[in-house]
Trainee: 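If you scroll down you'll find the structure; I have some questions about it.
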Amino acid sequence: MPQHHVTSATAAPTSIPIPADDEERDVLSPNCPSRVILSRIGERWTMFVILALSRAGTLRFTELRARVGEVTPKVLTETLRALEADGLVERRAYADSPPRVEYSLTPLGTSLLEPIAMMREWAERHVPEVLASRERAAG
């Protein structure tokens, strides 16, 4: 059986104070740490990567890129590194020849599937209205 190494990136230290309780948390406050999380989730490729991994379980880089589509290797690498640092994606490197790397969701990453499903359903339900509005705005 091939040996593998699971990397565990740690997020960069932050100067944002962590509130002691929920009452002090307000996503609209510039100092609220949840803003960092929402920013990550809202990045262009994050939801697509999470959805692709949720459907396949584990994917190699090229497989993941093919499922996500249109993302450059550089941007996908940056997205995966950020998701790994946030504890949402696990990277497994195998000592095969040639080397092999696989990605999968962590339990924390899997916990995003329900809110992402709600957003996806909303988007699919309302796409005609949004497109019509864009056409009206374009004149």
Trainee: Taking Arg25 for its side chain and Cys32 for its backbone only, find out whether a donor-acceptor pair lies under 3.5 Å.
Mentor: no

Trainee: Do the non-hydrogen side-chain atoms of Val89 and Thr106 ever get within less than 4.5 Å of each other?
Mentor: no

Trainee: Can you list the residues that meet the side chain to side chain contact (heavy atoms under 4.5 Å, CB included) rule with Arg40, with sequence neighbours excluded?
Mentor: Glu43, Thr46, Ala82, Leu83, Asp86

Trainee: Walk me through whether Leu64 and Leu80 qualify under side-chain contact (heavy atoms from CB on, under 4.5 Å).
Mentor: CA-CA 10 Å; Leu64 181 56; Leu80 287 166; 3.6 Å; yes

Trainee: Is there a donor-acceptor pair under 3.5 Å between the side chain of Thr58 and the backbone N or O of Glu102?
Mentor: no

Trainee: Just jot down the side chain to side chain donor-acceptor pair (under 3.5 Å) partners of Glu124, sequence neighbours excluded, or say none.
Mentor: Arg120

Trainee: Can you sort out the partners of Ile41 under side chain to side chain contact (heavy atoms under 4.5 Å, CB included), two or more places apart, ordered by chain and number?
Mentor: Ile37, Met47, Leu112

Trainee: Tell me the closest heavy-atom pair linking Ser104 and Gly57, and the distance in Å.
Mentor: CB-O, 3.3 Å

Trainee: Output the distance between atom CG (Leu108) and atom CD (Glu90), rounded to the nearest 0.5 Å.
Mentor: 12.5 Å

Trainee: So, taking the atom named CH2 in Trp45 and the one named CD in Glu70, what distance separates them when rounded to the nearest 0.5 Å?
Mentor: 5.5 Å

Trainee: Can you give me the closest heavy-atom contact between Arg67 and Ala56, atom names plus distance?
Mentor: NH1-CB, 3.6 Å

Trainee: Taking the side chain as everything from C-beta on, heavy atoms only, tell me whether Leu88 gets closer than 4.5 Å to Val49.
Mentor: no

Trainee: Can you tell me how far CD of Glu121 sits from CD1 of Ile116, rounded to the nearest 0.5 angstrom?
Mentor: 12.0 Å

Trainee: Any sub-3.5 Å donor-acceptor pair from Arg35's side-chain atoms to Leu28's backbone N or O?
Mentor: yes

Trainee: Does the side chain of Leu53 reach to within under 4.5 Å of the side chain of Tyr103, using non-hydrogen atoms?
Mentor: yes

Trainee: Please determine whether side-chain contact (heavy atoms from CB on, under 4.5 Å) holds for the pair Val101 and Phe61, giving the CA-CA distance in whole Å, both sets of side-chain angles, and the decisive distance to 0.1 Å.
Mentor: CA-CA 7 Å; Val101 177; Phe61 184 88; 6.0 Å; no

Trainee: So which atom in Ile50 and which in Gly109 form the shortest heavy-atom distance, rounded to 0.1 Å?
Mentor: CG2-O, 4.3 Å

Trainee: Roughly how far, to the nearest 0.5 Å, is OG1 of Thr79 from CZ of Phe48?
Mentor: 11.0 Å

Trainee: Report the C-alpha separation of Lys74 and Glu78 in whole Å, then their side-chain angles, then the decisive distance to 0.1 Å, and conclude whether the salt bridge (charged side-chain N to carboxylate O under 4.0 Å, His left out) test is met.
Mentor: CA-CA 6 Å; Lys74 178 184 181 224; Glu78 291 168 355; 3.6 Å; yes

Trainee: Give a yes or no answer on whether the side chain of Ser54 reaches the backbone of Leu51 with a donor-acceptor pair at less than 3.5 Å.
Mentor: yes

Trainee: What pair of heavy atoms forms the shortest contact from Arg91 to Ala93, and how long is it?
Mentor: NH1-CB, 3.8 Å

